[in-house]
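Per chain, numbering begins at 1; letters A, B, ... match sequence-line order. Side-chain atoms are counted along with the backbone in the values below, which use heavy atoms only and exclude waters and symmetry mates.
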Protein chains: 2
Amino acid sequence: MATVRRFNRTVTQRVGALDDEYLSRGRPLGQARLLWEIGPAGAEVAALRARLGLDAGYLSRLLRALEADGLVDVCAGTGGDARVREATLTTEGRAEWAVLDRESDDLARSILGPLSTGQQGRLATAMAEVERLLMASMIDLAPSPPGDPRARSCLRAYARELSQRFDAGFDPAVSKPVDDDDLVPPKGVFLLATLSGEPVGCGALKLLPDVPAEIKRLWVSGTVRGLGVGRRILSELERRAAEAGRDSVRLDTNRNLVEAIRLYRSSGYTEVPAYNDEPYAHHWFSKRLT
Amino acid sequence: MATVRRFNRTVTQRVGALDDEYLSRGRPLGQARLLWEIGPAGAEVAALRARLGLDAGYLSRLLRALEADGLVDVCAGTGGDARVREATLTTEGRAEWAVLDRESDDLARSILGPLSTGQQGRLATAMAEVERLLMASMIDLAPSPPGDPRARSCLRAYARELSQRFDAGFDPAVSKPVDDDDLVPPKGVFLLATLSGEPVGCGALKLLPDVPAEIKRLWVSGTVRGLGVGRRILSELERRAAEAGRDSVRLDTNRNLVEAIRLYRSSGYTEVPAYNDEPYAHHWFSKRLT
DNA sequence: CCAATTACCTGACTATAGTCAGGCATATGA
DNA sequence: TCATATGCCTGACTATAGTCAGGTAATTGG
């Protein structure tokens, strides 16, 4: 706790100030950050707004300023929706971006410079660890309607992954269907994990009357795997099942999903005989909730 | 390198923004930071200016604003100089500070909250390591006149430490004296190590004609020991000796300064017969500069 | 004792950050 | 096809951050 506070205070303040200083060479910081965030690949205005957490009006103004300087081009995006606009860097803008990129390198060098080789290695390791764990801690887990676009995108990714990993692919039409309505309270719940707005995982709980509570659609994006997100979702689903008065939960899974199976076993699930005829399932698990 | 950049970008930005948000509850950020920095113990205005890196005018204005809100009292300090003013928190100010302190705790809790116990421990370890090494990397090493107040404070600390650690104490009058003038180019150099303005170490080099270059007054503050500062000072002194055309450096030391002796040996120094009659010395070392 | 310096304060600025209501064009769903 | 929602833009703001040229009182060094 004290460590976290010291860290926040010194690192954030000092490195943050340095970073800002390096980034804004003459240009206002807001503009520099925006220019940097657009990047050589360009970006949609909405995405920029989300990433930088800016007011739509303010962002628009910043874009106009960069446009006036001839660094950025904002025009209708490549997507179908003509309202969505895309910001791209002009040739000058790309040059400017490259300068920022070099500044960023210089800053990193100036931090590593005074350290011995051994210290540099230790710093890199520790920084990577901090970043990884802070990422994990910033993942937000909240109920969401299963029809929400971000939930949908998780479910698509889930189906895509199953079709890659199952021996004979995955056809949703063959699998036992789950009705969206069954994942809305009080008949169930759908949890969505997001990292600064981006969907990175999900899990669902069916709480139908007269049958045991069942866990469905547990999925974690590859970008955040290994951070304990799956376990967090799972235990939150269990908590909600217990809260609803259930004394056990069960689930089925495919033999190829080895990490998931490992997660279930280490979370206290025990294998039980098949309780349904899901064609893609090889294992059925159950856990008593205390 | 890439790790440092990623770290700067994500951690600094995200945690920094969070930190600011928690800190400034209604109040402008500048004021909140200042209030926090004054702390229950109070602080001199000059110290605040240095720590926060603010313009004198701006700081003054912030203090007036806090004074107008009845949170801070600025009056002549306890020191002798009546120009130096000291800011202290009023009762209300202390209450406000306590709130900030709690917010800071809440932020730390909100970061640790979503993590498992194991992850929390790993995060704390990694954060401490990052902070330690960043501190090391922010230590600035530069020549300074030996009469500078910060240099003086280092030399006082050096003498104090010797008197604690030598078997029979340390009396500067008994030791071979070093004239300040001999530590000013071209007759020598005095290096001062500072961490955001605060003196944390020193070292000197005598470059008198006709005798080998000699290292004197190598000292590192306890607060930054173990960060390789001593080694940095030592090798910078060697570099300057070589630059001045010398092909070796030598030094004397007391048997109780075991870390120093270890540093000299591991830096390539070899013990040589006594080359002076310094009463406090037990070991004499020399190193050839390549 | 006087000139120079130091520590802080004040007034008068400019620039950047951020907000809000309203507007236009496009898309969507009944 | 028409009401409604969405994505972005604009104008008109306010607040905060930051700078700079003096100014005053205390201190220091000759």
Protein proximity profile, nucleotides 15-24 of chain C - base contact B, sugar-phosphate-only contact S, no contact -, cut-off 4.0 Å on heavy atoms: -SSBB-----
Per-nucleotide protein contact string for nucleotides 1-8 of chain C (B base, S sugar-phosphate only, - none; heavy atom under 4.0 Å): -----BSS
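Every side chain to side chain contact (heavy atoms under 4.5 Å, CB included) that A:L29 has, sequence neighbours left out, goes to A:D20, A:S24, A:R33. In terms of the side-chain hydrogen bond (donor to acceptor under 3.5 Å, both in side chains) criterion, B:R85 has no residue partners (sequence neighbours excluded). Looking at residues two or more places apart in sequence or on another chain, you find a side-chain hydrogen bond (donor to acceptor under 3.5 Å, both in side chains) between B:R51 and B:E37. In this structure A:S163 satisfies the side-chain hydrogen bond (donor to acceptor under 3.5 Å, both in side chains) test with no other residue, sequence neighbours excluded. By the salt bridge (Lys or Arg N to Asp or Glu O under 4.0 Å) test, B:R83 pairs with B:D81, sequence neighbours left out. Every residue meeting the side chain to side chain contact (heavy atoms under 4.5 Å, CB included) condition with A:Y158, not counting sequence neighbours, appears here in chain and number order: A:L162, A:R217, A:W219. Applying the side chain to side chain contact (heavy atoms under 4.5 Å, CB included) test to B:T10 and every residue at least two apart in sequence or in another chain returns A:E131.
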Can you list, pair by pair, the side-chain donor-acceptor contacts under 3.5 Å of residues 53-64 of chain B, counting residues two or more places apart and other chains?
residue: B:D55; atom: OD2; partner: B:G57; partner atom: N; Å: 2.7
residue: B:D55; atom: OD2; partner: B:Y58; partner atom: N; Å: 3.0
residue: B:S60; atom: OG; partner: B:R64; partner atom: NH1; Å: 3.1
residue: B:R64; atom: NE; partner: B:E67; partner atom: OE1; Å: 2.8

Atom pairs and distances, donor-acceptor, side-chain atoms in residues 137-145 of chain B, under 3.5 Å, two or more places apart:
residue: B:S137; atom: OG; partner: A:I111; partner atom: O; Å: 3.2
residue: B:S137; atom: OG; partner: B:L134; partner atom: O; Å: 3.4

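Rounded to the nearest 0.5 Å, atoms CE (A:M127) and CG (B:N8) are 6.0 Å apart.
Taking five base pairs at each end of the helix from C:dC1-D:dG30 to C:dA30-D:dT1, the local helix axes there meet at an angle of 30°, rounded to 10°.
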